Amino acid sequence: MKVLTDKILSESAYSAEINVPFEKVDIADWLFTLPEAEYLRCCPPDHIGSGVTTTDDGRRMVINVEMIGTGLVIQHYVAEEATPAYCRMNSISDVFTPVGRTQVNVIWELIAEAMEGGRTRYTNRVTSHPTDVFMDFLAAHQQSFEQAAIARQEAGGDHNRRETPLFAASIGRRAMAKAAAK
């Protein structure tokens, strides 16, 4: 399978403030210890399931199952970078649509930045690229890339807009719980 990195299927970035000092935030710790029930609370009813695992070669991995628009998406996020302030996750995602199954590439970036007043800005950035499998799927269903991109942008942007403040609040709760446990 080939990822077509020269084409963007969708991209969105939303930010929310966390009322916790930047130094206390650890996005990687949050992401790789996130209980499934907490994941479900971060974008109901879209979030369906999640889990943490590894690739065959030992890289950390997060599996997310969610509805984005009319597609059931299974994200196989492999950590390319995972630090307290930044995680870059890369997935070849399975998408089950009303007319069949295909695959897209999704880059999920989770970003923490220090703000004045002892607060943190959290940004949730999601960029999707088509794969050659996706382009073949579109051709087989007589849909243009432009049509697919418009639909994916609308659905993905709406999903990201709704989950970002809930992710930020969850990250904040995790940071405060860890600080209180020390």
Side-chain angles (χ1 to χ4, degrees), residues 8-52 60-95 104-130 148-179:
I8 294 179
L9 185 56
S10 65
E11 61 183 337
S12 64
Y14 289 92
S15 296
E17 292 182 13
I18 304 171
N19 197 23
V20 173
F22 173 77
E23 299 76 28
K24 293 188 186 294
V25 169
D26 188 334
I27 292 175
D29 173 70
W30 171 81
L31 181 61
F32 293 105
T33 62
L34 182 65
E36 184 179 51
E38 181 69 359
Y39 174 77
L40 299 179
R41 287 188 287 271
C42 287
C43 197
D46 296 4
H47 287 181
I48 297 167
S50 71
V52 176
R60 292 191 290 181
M61 187 173 180
V62 174
I63 307 292
N64 290 343
V65 180
E66 56 192 347
M67 288 296 298
I68 299 180
T70 60
L72 175 66
V73 184
I74 301 171
Q75 317 273 15
H76 309 267
Y77 286 116
V78 177
E80 292 183 337
E81 185 173 343
T83 69
Y86 179 74
C87 290
R88 179 182 166 92
M89 309 297 290
N90 192 332
S91 172
I92 298 297
S93 299
D94 295 294
V95 182
V104 298
N105 172 241
V106 181
I107 306 297
W108 180 24
E109 294 174 280
L110 303 87
I111 306 157
E113 300 170 286
M115 297 176 63
E116 290 181 13
R119 297 184 2 234
T120 303
R121 176 181 296 108
Y122 170 71
T123 301
N124 200 59
R125 178 179 296 134
V126 181
T127 305
S128 298
H129 299 280
I150 289 168
R152 175 68 187 212
Q153 181 65 44
E154 182 178 302
D158 174 63
H159 180 87
N160 191 4
R161 176 188 57 78
R162 290 183 290 116
E163 76 183 354
T164 297
L166 299 173
F167 278 161
S170 180
I171 292 165
R173 284 190 299 276
R174 173 75 178 166
M176 293 307 292
K178 282 189 73 174

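Model, not experiment: these values are computed from the prediction.
Distance CD/Glu11 to CZ/Arg152: 12.0 Å, rounded to 0.5 Å. Note that SG of Cys43 is 4.0 Å distant from CZ of Arg162, once rounded to the nearest 0.5 Å. With rounding to the nearest 0.5 Å, the separation of CE in Met89 from CD in Glu109 is 11.5 Å. Annotation: the span from Leu40 atom CG to Leu166 atom CG amounts to 12.0 Å, rounded to 0.5 Å. Atom CD1 of Ile8 and atom OG1 of Thr127 lie 6.5 Å apart (nearest 0.5 Å). For the atom pair Ser12 OG and Gln153 CD, the distance stands at 6.5 Å (nearest 0.5 Å).
For the side-chain hydrogen bond (donor to acceptor under 3.5 Å, both in side chains) test, residues two or more places apart in sequence or in another chain that qualify with Arg174 are Asp29, Thr33. The salt bridge (charged side-chain N to carboxylate O under 4.0 Å, His left out) search around Glu38 returns Arg41, Arg173, not counting sequence neighbours. Phe167 meets the ring-ring contact (aromatic ring centres under 6.0 Å, His included) test with Trp30, His47, Trp108; sequence neighbours excluded.
By the 4.5 Å heavy-atom criterion applied to side chains, Glu66 and Ile48 are not counted as neighbours. Looking at Val126 and Gln75, their side chains never come closer than 4.5 Å, going by heavy atoms from C-beta outward. Looking at Asp46 and Glu163, their side chains never come closer than 4.5 Å, going by heavy atoms from C-beta outward. Contact check for Asn124 versus Leu110: side-chain heavy atoms found under the 4.5 Å cut-off. Side-chain atoms of Asp94 and His76, non-hydrogen and from C-beta on, do get closer than 4.5 Å to each other.
Val95 and Gly71 get closest at one heavy-atom pair: CG1-CA, 4.5 Å. When all heavy atoms are compared, the tightest approach of Ala168 to Ala16 is CB-CB, 3.7 Å. Nearest heavy-atom pair across Pro84 and Asp26 is CA-OD1, 3.4 Å. Closest non-hydrogen pair, Tyr14 versus Gly157, comes out as CE1-O, 3.5 Å. Of all the heavy atoms in Tyr39 and Gly49, the pair that sits closest is CE2-O, 3.3 Å. Taking each heavy atom of Ile18 and Gly172 in turn, the nearest pair found is CG2-CA, 3.5 Å.
Residues Glu36 and Ser50 have side chains that never bring a donor and an acceptor to within less than 3.5 angstrom of each other.
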Test log, rule side chain to side chain contact (heavy atoms under 4.5 Å, CB included), inputs His159 and Val73: CA-CA 12 Å; His159 180 87; Val73 184; over 6 Å; no
Criterion side chain to side chain contact (heavy atoms under 4.5 Å, CB included) on Ile27 and Tyr86, from CA distance to verdict: CA-CA 7 Å; Ile27 292 175; Tyr86 179 74; over 6 Å; no
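Heavy atoms of other residues, nucleotides or ligands lying less than 6.0 angstrom from CZ of Arg88 number more than 12. In Glu154, the CD atom is not crowded: 12 or fewer heavy atoms of neighbouring residues, nucleotides or ligands sit closer than 6.0 Å.
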